[in-house]
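Report on the following structure.
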Amino acid sequence: MGAGTFGASLAWRLARAEEQVTLVDQFEPGDARASSGGETRLYRCAHGPDTEYTEMARRARTLWRELEDEAGEELLIECGMAWFAHREDGWEAASERTLTAQGIPAERLDAGSAQLYPSFRGDDLAFVLLEPEGGVLRAERSVRALAAQAVAHGARIVRGRARPDGTGAVLEDSTRLEGDIVVWACGPWLAHLFGDLVLLRVTRQELLFIDGGPDWRQPGLPGWCDYDYARYGTADIDALGVKAAIDDEGPPIDPDAELPETAITEPEVRAYLRERFPALEHAPLVGARSCRYELTTDTQFIAAPHPAHPNVWLVGGGSGHGFKHGPPMAERLAAALLEGAPLPARFALGERSASQSLRTASSGTAP
Ligand SMILES: Cc1cc2nc3c(=O)[nH]c(=O)nc-3n(C[C@H](O)[C@H](O)[C@H](O)COP(=O)(O)OP(=O)(O)OC[C@H]3O[C@@H](n4cnc5c(N)ncnc54)[C@H](O)[C@@H]3O)c2cc1C
């Protein structure tokens with residue numbers, strides 16, 4: 001149930017393994033209302049000192065490339081990913097150590113002289129950490145490709161809104177679906193469907209697109225993230241405009257509520273652009289979109305069986321950083337579902353306590 005990055009990746013994975021798969025979604029795969037909706041997502045391996053997410057992100061690169069080969073389209077744009085480090089020994093330095101230990105390319109650049117963008121100021125930074133093999137995923141296209149390739153391997157797609165019913169699921173037209181395994185990968189809607197088991201904060205996050213002109217459309221301009229300041233963005237990809245966003249937790253929003261195209265965060269975004277990318281401060285706004293985060297308390301994912309029905313699994317809690325991990329999470333889940341391989345304890349249901357954010361520092365745990 002659910003054809004976002006987690007559900008569609010799992011359907012693809014299981015269908016490739018010649019399992020019989022039905023993939024159910026209330027929308028068409030790649031719908032803008034899903035948490036996986038929107039044109040682009042950052043792809044990075046840096047996760048501070050966290051070795052497991054780093055490894056999984058690196059594995060994601062191989063699996064997204066396999067999907068590209070099957071689908072015949074470029075989904076992962078390897079333009080690089082730049083981290084703006086305010087401290088010599090903060091999140092970025094920890095990331096650098098983890099990346100290096102895993103043999104993942106990472107370069108420490110002098111922030112004052114780094115010429116990464118058509119307009120850039122880094123004299124307030126300790127350094128820039130560049131992941132040359134990081135980049136940007138074409139998000140909605142990737143989800144559509146996952147679903148299409150799942151179908152190409154024999155999966156069936158059903159359009160409908162499902163509700164849990166014991167070990168199975170029931171659609172609005174009363175069709176009952178049963179399976180050896182039923183996985184609910186329903187993004188923000190997990191909070192509605194399993195609110196007694198899953199603690200998720202669903203928030204509205206704004207994305208702004210700015211016309212920086214042709215200079216920002218050159219290939220090879222890295223995605224960027226200012227972890228300590230909770231700001232991130234991309235160059236102008238696919239003529240959408242330069243993407244710039246605030247990663248502070250937005251206002252709560254119901255999973256079924258409309259997503260307005262407001263630009264409430266524009267003054268804050270422009271204030272950041274003035275400091276970091278001065279030429280963009282007054283560049284015209286060409287688009288504004290919203291998307292829903294589904295945040296666990298500790299920003300760790302959820303992947304666990306239902307306590308009352310061992311064949312029913314709950315998967316999600318992408319917490320603002322889940323997109324890239326769809327295929328490797330599916331790989332691990334498939335091993336758990338088919339072979340009983342253990343999953344990390346941190347994906348379990350139950351109480352979680354706040355810890356250093358895997359998204360950005362906007363959880364308030366770092367300066
Ligand atoms: C603004 C924004 C920026 C982000 N940036 C990044 C980033 O740079 N990098 C990154 O890796 N991640 C990023 N993320 C996070 C990432 O996109 C999400 O964590 C991930 O896409 C969640 O995927 P999902 O499959 O769990 O949920 P979803 O994509 O929401 O998929 C769930 C699906 O379940 C369906 N569904 C729900 N309930 C039902 C039901 N009852 N019956 C049938 N179908 C149902 C929904 O229609 C939906 O299609 C970002 C997220 C947002 C919102």
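Ligands are counted one by one from 1 in listed order, and the atoms in each one are counted from 1 as well. Position 1 is the first residue of the sequence; numbering continues from there.
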N or O pair under 3.5 Å between [X] and ligand 1:
X      : value
Trp189 : no
Cys291 : no
Ala34  : no
Thr5   : yes
Ser36  : yes
Arg161 : no
Gln205 : no
Leu207 : no

Identify, for [atom], the protein heavy atom at the shortest distance, and state residue, atom and that distance.
atom                    : value
atom 9 (N) of ligand 1  : Leu42 O, 3.1 Å
atom 26 (O) of ligand 1 : Phe6 CD1, 3.1 Å
atom 11 (O) of ligand 1 : Lys324 NZ, 2.8 Å
atom 47 (O) of ligand 1 : Asp25 OD1, 2.7 Å
atom 34 (O) of ligand 1 : Gly2 CA, 3.2 Å
atom 2 (C) of ligand 1  : Tyr293 CE2, 3.6 Å
atom 39 (C) of ligand 1 : Cys186 SG, 3.8 Å
atom 30 (O) of ligand 1 : Ser35 N, 2.8 Å

For the ring pair [X] and [Y], is the centre-to-centre distance below 6.0 Å?
X      : Y      : value
Phe84  : Tyr232 : no
Phe277 : Trp216 : yes
Phe347 : Trp313 : no
Phe301 : Phe6   : yes
Tyr227 : His86  : no

Could you tell me, atom by atom, which parts of ligand 1 come under 4.0 Å of a heavy atom of [X]?
X      : answer
Gly160 : 42 (N), 43 (C)
Arg292 : 53 (C)
Ala185 : 32 (C), 33 (C), 34 (O)
Pro188 : 30 (O)
Gly318 : 19 (O)
Ala162 : 40 (C), 41 (N), 42 (N), 43 (C)
Ala3   : 33 (C)

Sub-4.0 Å heavy-atom contact, [X] with ligand 1:
X      : value
Glu294 : yes
Tyr43  : no
Met1   : no

| message | Any salt bridge linking Glu261 with Arg289? Criterion: basic side-chain nitrogen under 4.0 Å from a carboxylate oxygen. | response | no
| field | Cationic N near anionic O, under 4.0 Å, Arg270 to Glu268 | value | no
Does the side chain of [X] come under 3.5 Å of the side chain of [Y] through a donor N or O and an acceptor N or O?
X      : Y      : answer
Asp256 : Trp189 : yes
Glu78  : Tyr43  : no
Trp83  : Glu96  : no
Thr299 : Arg359 : no
Tyr293 : Asp247 : yes
Ser319 : Thr296 : yes
Gln102 : Thr54  : no

Nearest heavy atom to [atom] wins, so pick from [options].
atom                    : options                       : value
atom 17 (O) of ligand 1 : His192, Arg33, Arg41          : Arg41
atom 27 (O) of ligand 1 : Gly187, Ala139, Ala147, Gly37 : Gly187
atom 3 (C) of ligand 1  : Phe323, Phe27, Tyr232         : Tyr232

| Hey, is the main chain of Leu137 close enough, under 3.5 Å, to the side chain of Thr40 for a donor-acceptor pair? | no
| query | Are the side chain of Arg41 and the backbone N or O of Arg138 linked by a donor-acceptor pair below 3.5 Å? | reply | no
| request: Would you kindly specify which portion of His321 sits under 4.0 Å from ligand 1, judged on non-hydrogen atoms: side chain, backbone, both or neither? | output: backbone
| Should the ring pair His309 and His306 be called parallel, tilted or perpendicular, given that the plane angle runs from 0 to 90° and is split at 30 and 60? | tilted
